[in-house]
Every structure is written in structure tokens, then in C-alpha cells.
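The structure appears below as C-alpha cells.
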Amino acid sequence: MTTKIGQDLIAWYKKNKRDLPWRNTNDPYLIWVSEIILQQTRIDQGLSYYLRFVVRFPSIEDLANASENEVLKYWQGLGYYSRARNMHASAKQISELYKGKFPDNYDQIKSLKGVGPYTAAAIASIAFNLPHAVIDGNVNRVISRLYGIEIAVNTNNGQKLVDEKLNTIFVRNDPANFNQAIMELGAMICKPSSPECNKCVLNVNCVAFQQNRVNDFPVKIKLKSPELLYLFYFILKYQNNSQQFVYLNKRGENAIWKNLYDFPGLQFNSKKEMNEVVTEFKQKYFPNNFTQNPEKITGPIKHQLTHKSILAFFIELKIDKLSVNNFDDKLIAVTVEELQKYPVSKLIENYIKANL
DNA sequence: GTCCAGCATG
DNA sequence: CATGCTGGAC
């Protein structure tokens with residue numbers, strides 16, 4: 001009875017699945033790469049990144065031997081950059097600890113940096129056919145609608161109930177197809193808005209559909225809203241032998257955009273007058289009474305992060321190279337042509353493309 | 001313009 | 001339980 005739902009799901013999947021590159025391989029490395037890229041990311045957005053990534057890093061060793069900067073560069077624009085840094089670290093770990101052979105059991109897979117319960121279950125089932133059921137956003141939605149789960153799925157009790165219900169329909173002897181089938185149904189049919197219930201193979205079993213309450217699920221508790229953050233970036237330009245240079249700043253290990261590059265600047269949690277900011281910046285970076293005024297000011301540019309709503313301003317300032325106070329050697333001078341070699345956030349990428 | 005989808009970590 | 005990114009839907 002319960003396995004019929006699972007079998008129906010698999011039959012539907014085999015007939016309707018999208019042809020995607022990571023579905024045509026058993027290489028655990030390639031499946032791992034695809035799963036990390038697709039964490040918190042839609043296929044439409046991640047596909048081109050995956051294709052470029054595996055051409056440059058076709059094996060664990062290729063990834064392990066690359067520099068972090070280059071790996072981040074291949075990740076530029078995808079967001080959640082810790083995924084790239086963790087995957088790079090894990091590639092080195094596999095290379096040393098397992099002599100380059102991808103671990104083939106759930107616990108070792110899950111011990112890799114950046115691999116949590118979802119990704120470990122996905123790799124274990126898809127690459128090694130081990131009976132671990134995945135729970136991602138799609139599965140939460142499908143299961144909570146199918147069983148009319150009233151407890152919020154983003155709570156411990158909600159997850160326990162989803163897991164329990166999921167395991168009643170899980171097809172243990174075909175975990176790879178079952179897991180991909182339920183996620184594919186969530187992505188293609190049981191969508192967050194405007195789900196296509198009339199096409200759904202599970203609609204006769206679906207509590208939400210039968211009660212005409214599909215939009216009531218999944219139940220979620222709302223999270224804290226983001227705080228405002230004001231960023232003032234200074235584009236310090238100087239001319240040398242007919243070449244245009246600007247200063248980049250390497251971000252540290254703290255807070256957002258770890259280890260990416262941006263411009264030197266100041267940040268505040270509340271509004272600030274532009275001339276105050278410029279004065280403060282000059283005092284900090286130019287100890288010798290620097291009087292040049294900004295040439296161009298761009299902003300405010302809005303940029304939304306998970307827990308911060310950013311308002312960014314970009315201030316262009318012509319300078320004499322030698323006068324900059326370079327704290328901790330965080331600043332590097334690069335030509336405008338060289339800018340493209342450095343990994344940057346989408347906010348910075350957009351500014352460079354439009355203005356430099 | 002605002003909101004939401006999509007996992008891992010400390 | 002708080003934090004990290006971006007794109008697309010609305």
C-alpha cells in the first residue's frame with residue numbers, strides 16, 4: 001500500500017525526468033560537485049556553473065591542487081561562498097586521508113566539510129545506492145502536502161514528522177531513483193506556487209489536494225528579518241605609465257563574503273552623511289592631509305543578503321599611490337584588466353562591469 | 001519595490 | 001537558534 005506511492009513516484013520520474021549532466025554519471029565526485037552547487041540554488045542558475053566547474057576541475061585531485069582564489073573565482077556569482085571553500089578543503093582531505101578515493105559510506109561522506117544530512121544522503125543514495133532518504137525543500141513541500149502536516153517544517157518536531165512520513169513511502173531497494181523522483185516532483189509539479197496538481201501522480205493520495213488546501217502547506221514559522229547595513233566603498237584610482245590602477249581589499253575570515261575581494265571602505269549600521277564618511281575615510285587611509293574630492297558617487301545600490309539588507313555607495317577618488325595607509329597589507333593595487341582575476345561578490349561584480 | 005526558495009555550520 | 005547569497009516570482 002505505502003510502497004505503491006513510492007513506486008508510482010519512480011515510474012513517473014523515469015518517464016518525465018529532465019536530462020541533466022549529473023544524472024548520466026556514477027562518479028561520486030561529479031555527483032558531489034552537483035549537490036554542493038545545487039544547495040540553496042536552482043538548477044537553472046547552477047547548471048552553467050557545474051559545466052564550467054567540471055571542465056576545469058574534472059577530478060578530486062584537480063580540485064585539491066587548485067588555489068582557493070581560483071576555486072572561488074569559478075564560484076563567483078553563485079553566493080554562499082563557504083560552499084566553495086568547504087568543498088576545496090574537503091577535496092584536499094579526500095586526497096590525503098582517502099588517497100583521492102571518494103568515501104563510499106554515509107558517515108564518512110557526512111564528515112566532509114560542507115556535507116550535511118541532505119547532501120550525505122543524496123551522495124550515498126545516488127552514487128552508491130545506499131538506502132538513505134533525502135529531505136530537502138522539495139521533499140518537505142511534497143510530504144507536508146501529501147500528509148497535510150500542520151507542524152512547521154522548519155522546527156525539530158516538524159522535521160521528525162516529515163522524516164517519519166517519508167520513510168513510510170521510501171523505496172529502500174531503489175533509493176537513487178526514489179530520492180530523485182520525489183525531488184523532481186517537487187521541482188516540476190508540486191511547486192511552491194501554482195502547483196500542477198492535475199498532473200500529479202499522487203493527487204488521489206494527497207491530503208492537501210483532497211481538502212483543497214494545497215497553498216496552506218508547507219507550514220513555516222517566519223524568521224528574523226534582516227538588519228540594515230550601509231557600505232561605503234572607495235574606488236582609489238591612480239594613473240601610472242598610462243595604466244589605470246585601483247585598490248582591492250581582501251576580505252577576512254569574518255562575516256560576509258569571506259576571502260572574497262572588494263574595495264577599501266567603511267560600514268555603518270545606520271545612515272551617515274556622505275561628507276562625514278569621506279572625511280573619516282580620508283583620515284583613516286590618508287594620514288597626510290589628503291584634500292582631493294570624489295570624482296563620482298554611485299548609489300545607493302540595494303543588495304539583499306540572508307540576514308542583511310545592504311545599501312551600498314561607491315565613491316571614486318583619484319589618488320597618488322604612495323600616500324595610502326595600507327592596513328595589514330590587505331590592500332593590493334591591480335590594473336583594471338587584472339580585476340577579472342579576483343573573486344568578488346555580485347555587488348562588486350556589477351559595479352566593476354558598469355563602471356570600470 | 002518586497003518576499004521567498006534553497007542547506008550547512010557554530 | 002543565528003548566520004551566510006542570489007535570482008526570480010509577485
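Chain A is the first sequence line, chain B the second, and so forth, proteins listed ahead of strands; every chain is numbered from 1. What you see is a predicted model; the values in this text were computed from it and never measured.
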Please give, in whole Å, the distance from [N] [atom2] to [X] [atom1]?
| X | N | atom1 | atom2 | result |
| --- | --- | --- | --- | --- |
| A:Asn215 | C:dC10 | CG | P | 11 Å |
| A:Lys222 | B:dA5 | NZ | P | 14 Å |
| A:Gln39 | C:dC5 | CD | P | 13 Å |
| A:Leu347 | C:dG7 | CG | P | 11 Å |
| A:Ile310 | C:dT3 | CD1 | P | 14 Å |
| A:Leu78 | C:dG7 | CG | P | 9 Å |
| A:Asn156 | C:dC1 | CG | C1' | 10 Å |
| A:Ile135 | B:dG6 | CD1 | C1' | 15 Å |

Report which part of the nucleic acid [X] touches: base, sugar-phosphate, or nothing (heavy-atom distance under 4.0 Å, all strands).
| X | result |
| --- | --- |
| A:Arg141 | sugar-phosphate |
| A:Tyr118 | sugar-phosphate |
| A:Arg42 | base |
| A:Leu305 | base |
| A:Asn138 | sugar-phosphate |
| A:Lys220 | sugar-phosphate |

**Prompt:** Does the side chain of A:Gln7 come under 3.5 Å of the side chain of A:Asp174 through a donor N or O and an acceptor N or O?
**Reply:**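 There is no such pair (donor and acceptor under 3.5 Å, judged by atom type) between the side chains of A:Gln7 and A:Asp174.
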
**Request:** Would you mind telling me which of B:dG1, B:dA8, C:dG7 lies closest to the side-chain atoms of A:Lys302?
**Result:**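 It is B:dG1.
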
**Request:** Select one nucleotide: of C:dG4, B:dA5, B:dC7, the one nearest the side-chain heavy atoms of A:Pro192.
**Result:**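 Nearest to the side-chain atoms of A:Pro192, counting from C-beta on, is B:dA5.
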
**Request:** Identify, between A:Tyr81 and A:Ser194, the residue whose nearest nucleotide on DNA chain C lies closer to the 5' end.
**Result:**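 Its nearest nucleotide lies further toward 5', so the answer is A:Tyr81.
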
**Prompt:** Starting at the 5' end of DNA chain C and moving along, which residue's nearest nucleotide shows up first, A:Gly79 or A:Ile221?
**Reply:**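 Mapping each residue to its closest nucleotide by heavy atoms, the 5'-most match is A:Ile221.
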
**Item:** First of A:Gly186 and A:Val115 reached from the 5' end of DNA chain B, by closest nucleotide
**Value:**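 This one resolves to A:Gly186.
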
With a cut-off of less than 4.0 Å, is there a side-chain N or O of [X] near OP1 or OP2 of [N]?
| X | N | result |
| --- | --- | --- |
| A:Ser345 | C:dC5 | no |
| A:Lys113 | B:dA8 | no |
| A:Thr119 | B:dA8 | yes |

**Request:** Classify the angle between the aromatic ring planes of A:Phe178 and A:Phe170 as parallel (below 30°), tilted (30 to 60°) or perpendicular (above 60°).
**Result:**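 The arrangement is perpendicular - the two ring planes meet at more than 60°.
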
**Request:** Applying side-chain contact (heavy atoms from CB on, under 4.5 Å), run through A:Tyr351 and A:Ile235 and close with a yes or a no.
**Result:** CA-CA 10 Å; A:Tyr351 182 81; A:Ile235 321 304; 3.8 Å; yes

**Message:** For A:Phe268 together with A:Tyr230, are the ring centres under 6.0 Å from each other?
**Reply:**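 So the answer is no for these two rings.
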
**Asked** If you measure from the Lys or Arg side-chain nitrogens to the Asp or Glu carboxylate oxygens, is any gap between A:Arg23 and A:Glu184 under 4.0 Å?
**Response**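 Yes, this pair counts.
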
**Asked** Are A:Lys73 and A:Glu70 within salt-bridge range, i.e. N to O under 4.0 Å?
**Response**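 Judged by the 4.0 Å cut-off on N to carboxylate O distance, A:Lys73 and A:Glu70 do not form a salt bridge.
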
